[in-house]
Amino acid sequence: MSRIRAGERDAMTGDLAEAVEAFEAARPKLFGIAYRLLGTAADAEDVVQDTWIRWQGADRADVRNAEAFLVTTVSRLALTAAGSARARRELYVGPWLPEPVPTGAGTQVAVERGEALELAILLLLERLGPEERAVYVLREAFGYPYREIAGFLGISEELARRKGHRARGRVGRERDGRVTPAERDRLLTAFLAAARQGDLAGLQAMLAEHVVSCSDGGGVVTAARKPVVGRERVARYLARTVQIHGRDAEVEVVEANGQAVALVFRGETPLAACWVDATAAGIDRICLVVNPAKLATLRAATER
């Protein structure tokens, strides 16, 4: 085997440095795409790592646009992973909820267009087909034109446009009548105060008649395995839960997914993350993530 000359070695080193620089510059966007398509930080990180491996092995001399190559790779890998994720969720114990991830300065998830990152939107996107979801994310979260999205996903521009319009229409219909983000976050604060005080009447007053409470324990910790529905049932369930599990617990409201999320912990151990959604009729959805695997990323961010 012939030896690599010094100049060739320097060129290879320089090429690798450029490759690393290009990848790191794109990493927040790559993670953001994968996370929005898969719903958990761990799955998104796996896809980003696989994207890096593909980027390392690519003939980068033939790559005209590094970002386009990386976005194409992460999108297609995430679509493949989404199929496996859906199969796993069929066996998931109890309701599945997206993992809240920290946003804001110094985090790896940029809130390019905030609504496309909100937890209620991610939960809603679970009802879409994988390609529709991908088109929606690339268009609504990152603003890519349909022509580029078609290239990323390997479909025609016309099909990308149709899928995008369908997804946007469905999301728009489902989100019609929602309160403003500021009002939703205010309701979360009031809800937390009433729950901690055991104020059953106060809780009922801010809940919509057909409110739904979902708890994601993943079969790892104790949690309701079916949604609790109805104003009185949900208020009693929450008051009882706080009475049993809320002793000595602390609550910190943090920014996750561009919105206020309550992180409940005892000592250094996170117990739950909670967020709400609401219409003019009141809070109509309460989501509690108690699966420890889905709390680690958010808790780590609060310790920085």
Side-chain angles (χ1 to χ4, degrees), residues 39 89 92-100 114-128 167-218 221-246 249 251 253-264 271-291 294:
R89 284 168 200 168
Y92 199 80
V93 179
W96 181 94
L97 295 171
E99 174 186 353
E115 187 179 74
L117 181 60
E118 290 180 2
L119 290 155
I121 296 289
L122 295 185
L123 190 56
L124 175 58
L125 292 182
E126 284 291 308
R127 305 179 196 173
L128 303 180
R168 189 167 67 249
R170 182 165 184 179
V171 171
R173 288 190 297 273
E174 293 282 352
R175 300 301 294 163
D176 187 42
R178 297 284 118 187
V179 299
T180 65
E183 175 63 11
R184 178 196 59 212
D185 292 348
R186 186 197 68 77
L187 282 169
L188 174 65
T189 301
F191 164 79
L192 292 170
R196 296 200 73 182
Q197 292 166 11
D199 182 0
L200 196 60
L203 275 175
Q204 290 189 32
M206 66 182 72
L207 300 180
E209 182 180 357
H210 301 294
V211 60
V212 177
S213 174
C214 292
S215 301
D216 178 345
V221 296
T222 301
R225 296 194 175 186
K226 292 183 179 181
V228 181
V229 182
R231 180 185 290 140
E232 292 185 7
R233 291 186 63 201
V234 168
R236 288 198 301 269
Y237 165 72
L238 292 171
R240 185 170 63 253
T241 298
V242 172
Q243 184 179 17
I244 295 173
H245 301 289
V251 179
V253 177
V254 299
E255 181 187 325
N257 296 69
Q259 66 184 84
V261 171
L263 182 61
V264 183
L271 303 177
C274 172
W275 72 91
V276 301
D277 203 9
T279 68
I283 295 172
D284 64 349
R285 181 173 291 275
I286 301 163
C287 294
L288 296 163
V289 173
V290 293
N291 185 342
K294 292 185 176 181

**Asked** Mind checking whether Cys214 and Arg285 have side chains closer than 4.5 Å, heavy atoms only?
**Response** yes
>> One pair to check against side-chain contact (heavy atoms from CB on, under 4.5 Å): Ile286 and Val228. What are the steps and the verdict?
In response: CA-CA 10 Å; Ile286 301 163; Val228 181; over 6 Å; no
Asp216 side chain to Trp96 backbone, donor-acceptor under 3.5 Å: no
To the nearest 0.5 Å, atom CD of Gln197 lies from atom CG of Leu203 at 9.5 Å
Is any side-chain heavy atom of Val261 less than 4.5 Å from a side-chain heavy atom of Leu119? yes
Rounded to the nearest 0.5 Å, the CZ atom of Arg186 sits from the OG1 atom of Thr180 at a distance of 9.5 Å
One should read off an interatomic distance between Arg196 CZ and Gln243 CD, to the nearest 0.5 angstrom, of 14.0 Å
Check the pair Val276 / Arg184 against side-chain contact (heavy atoms from CB on, under 4.5 Å), numbers first and verdict last.
-> CA-CA 7 Å; Val276 301; Arg184 178 196 59 212; 4.2 Å; yes
Of all heavy-atom pairs linking Ala224 and Tyr237, the shortest is CB-OH, 3.7 Å
Does any part of the side chain of Glu118, heavy atoms only, come nearer than 4.5 Å to the side chain of Arg175, both counted from C-beta?
yes
Output for pair (Arg236 CZ, Gln204 CD), nearest 0.5 Å, gives 7.5 Å
Shortest non-hydrogen pair, Val212 vs Pro227, comes out as CG1-CB, 3.8 Å
Would you say CZ of Arg225 has more than 12 non-hydrogen atoms from neighbouring residues, nucleotides or ligands within 6.0 angstrom?
no
Looking only at heavy atoms, the pair that brings Ala239 and Leu200 closest together is CB-CD1, 4.1 Å
Close side-chain approach of Val221 and Leu271, heavy atoms under 4.5 Å | no
The side chain to side chain contact (heavy atoms under 4.5 Å, CB included) partner of Leu192 among Leu187, Val251, Val264 is Val251
**OP:** Taking the side chain as every heavy atom from C-beta outward, state whether Val234 and Ile283 have any pair of such atoms under 4.5 Å apart.
**Re:** no
What one should report as the nearest heavy-atom pair of Leu238 and Phe191 is CD1-CE1, 3.4 Å
Nearest heavy-atom contact between Val290 and Ala272 is CG1-CB, 3.6 Å
CG (Leu97) and NZ (Lys294) are apart, to the nearest 0.5 Å, by 6.0 Å
Separation between CZ (Arg127) and CD (Glu174), nearest 0.5 Å, reads 4.5 Å
- Query: Does any non-hydrogen side-chain atom of Asp277 lie less than 4.5 Å from one of Asp284?
  - Reply: yes
Here the pair of heavy atoms bringing Trp275 nearest to Pro98 is CH2-O, 3.7 Å
inquiry  = Counting C-beta onward and ignoring hydrogens, is there a side-chain heavy-atom pair between Val289 and Glu99 closer than 4.5 Å?
reply    = no
